[in-house]
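Since this is a predicted model, take the numbers as computed values, not measurements. For the numbers below, each heavy atom of this structure counts, side chains included, while hydrogens, waters and symmetry mates do not.
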2 protein chains.
Amino acid sequence: MKQEKTHINKLISSYKLRATPQRIAVLEALRNLRTHPTADDIINYVKNEHPEYSVGTVYNTLETFTEKGLIKKIKTEKDVMRYDGFTDKHYHLYSKRSEKIEDYYDQELTRMIERYFKSKKIDGFKIEDIQIQINGEFNE
Amino acid sequence: MKQEKTHINKLISSYKLRATPQRIAVLEALRNLRTHPTADDIINYVKNEHPEYSVGTVYNTLETFTEKGLIKKIKTEKDVMRYDGFTDKHYHLYSKRSEKIEDYYDQELTRMIERYFKSKKIDGFKIEDIQIQINGEFNE
DNA sequence: GTACCTGCAAAAGATTTGCATCTTT
DNA sequence: AAAGATGCAAATCTTTTGCAGGTAC
């Protein structure tokens, strides 16, 4: 299938993955649905335009993207997996009640924590990344 | 069934829950298996002593305990839920490769973060609790 | 051209639920 | 005695997989 070299398209290629129409659609869904969607949310979004794209492919795509580091998985107390299409350093605000996840950007916090763990090593463990989830309630 | 008033027993009662033998067994499993077990791990542990206890009951019990705050759910990239029988303030070290989760206690870190968020409010959000997961690798 | 993807449908896993029966308080 | 828990099995939901074709590079 002929495709313009869009931004999304290039992004996928830059991760050494074939930019198929299905993958482009999944990544677009992830970036348009800024709600940290479930696989099911993504499937619905994608099927809206392309009913022929299959459930299995969406799951496979999400898995492939995650392995390559293009997107991230987020898990909450709820059993379903959710996905985050953005991998720049940020944290999550989470409300158990509404199940809403919002991004929280805070470079000062990142710097403080990096500084902290630069001086304080953890015995027997090599830190690669620190995830923070801030639980609470959004004001209505 | 007649039961001694054990520590576990009292702990359950103190959360306003009936201290049934099944619940006692589940909580004991959680406290003996210090690996942040899956429901399946717990079921196996419990069935070892009490093959008649049912899968559904273990799941129900874990859910009830979680709701009441007696235990906590832990989420990783993996699809299965894991459980933590200890609710005192601590963090988790997690290795994606080995799927191992270890506890990390650090009051200094807690104090630093509390201090930080006492001065820096998040607009539109009321913080209740901050969860930190430190990803990396355990030394062999 | 070939390695890699996709669609489909079936399978696998994990968790939840309905209901009749039993137990804890 | 009443409210709440349990066991069992079926149901549900999410995710994975096998395989025969298709497609991007």
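Looking at B:Lys47, its side chain does come within 3.5 Å of a backbone N or O of B:Tyr53 through a donor-acceptor pair. No donor-acceptor distance shorter than 3.5 angstrom exists from the side chain of B:Arg82 to the backbone of B:Thr76, with no hydrogens or angles considered.
In this structure, CD of B:Glu63 is placed 17 Å from C1' of D:dG4, rounded to the nearest angstrom. Atom pair A:Arg82:CZ and D:dC13:C1' shows a separation of 17 Å (rounding to whole Å applied). Computed from coordinates, the B:Met81 CE to D:dT14 C1' distance equals 12 Å when rounded to whole Å. With rounding to whole Å, B:Ile24 atom CD1 is found 13 Å from C:dT23 atom C1'. Atom CD of A:Glu67 is separated from atom P of D:dT16 by 10 Å (rounded to the nearest Å). D:dT12 atom P lies 16 Å from atom CG of A:Asp40, rounded to whole Å. Rounded to an integer number of Å, the gap from A:Glu77 CD to C:dT15 C1' is 16 Å. In this structure, the CD1 atom of B:Ile43 is 9 Å from the C1' atom of C:dT15, given to the nearest Å.
When hydrophobic residues (I, L, V, M, F, W, Y) are linked wherever their side-chain heavy atoms come within less than 4.5 Å, the members clustered with B:Ile74 are B:Tyr94, B:Ile101.
Regarding contacts with the backbone of D:dT16, every side-chain N or O of A:Tyr59 stays at 4.0 angstrom or more from both OP1 and OP2.
Partners of B:Glu49 by salt bridge (Lys or Arg N to Asp or Glu O under 4.0 Å), not counting sequence neighbours: none found. In this structure A:Phe138 satisfies the ring pair (Phe, Tyr, Trp, His ring centres under 6.0 Å) test together with B:Phe125, sequence neighbours excluded. With sequence neighbours excluded, no residue forms a salt bridge (Lys or Arg N to Asp or Glu O under 4.0 Å) with B:Asp84.
Surrounding CG of A:Asp88 are more than 12 heavy atoms belonging to other residues, nucleotides or ligands, all under 6.0 Å away.
Taken over five-pair windows at either terminus, the axes of the helix from C:dG1-D:dC25 to C:dT25-D:dA1 are inclined to one another by 50° (rounded to 10 degrees).
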(request) Going 5' to 3' through nucleotides 1-13 of chain C, assign each nucleotide B (protein heavy atom under 4.0 Å from a base atom), S (under 4.0 Å only from sugar-phosphate atoms) or - (no protein heavy atom that close). (result) --BBSSBS-----
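Under 4.0 Å is where a charged nitrogen must lie from a carboxylate oxygen, and between A:Asp129 and A:Lys89 at least one such pair does.
Ring orientation note: the planes of B:His90 and B:His92 are nearly perpendicular, at an angle over 60° on the 30°/60° scale.
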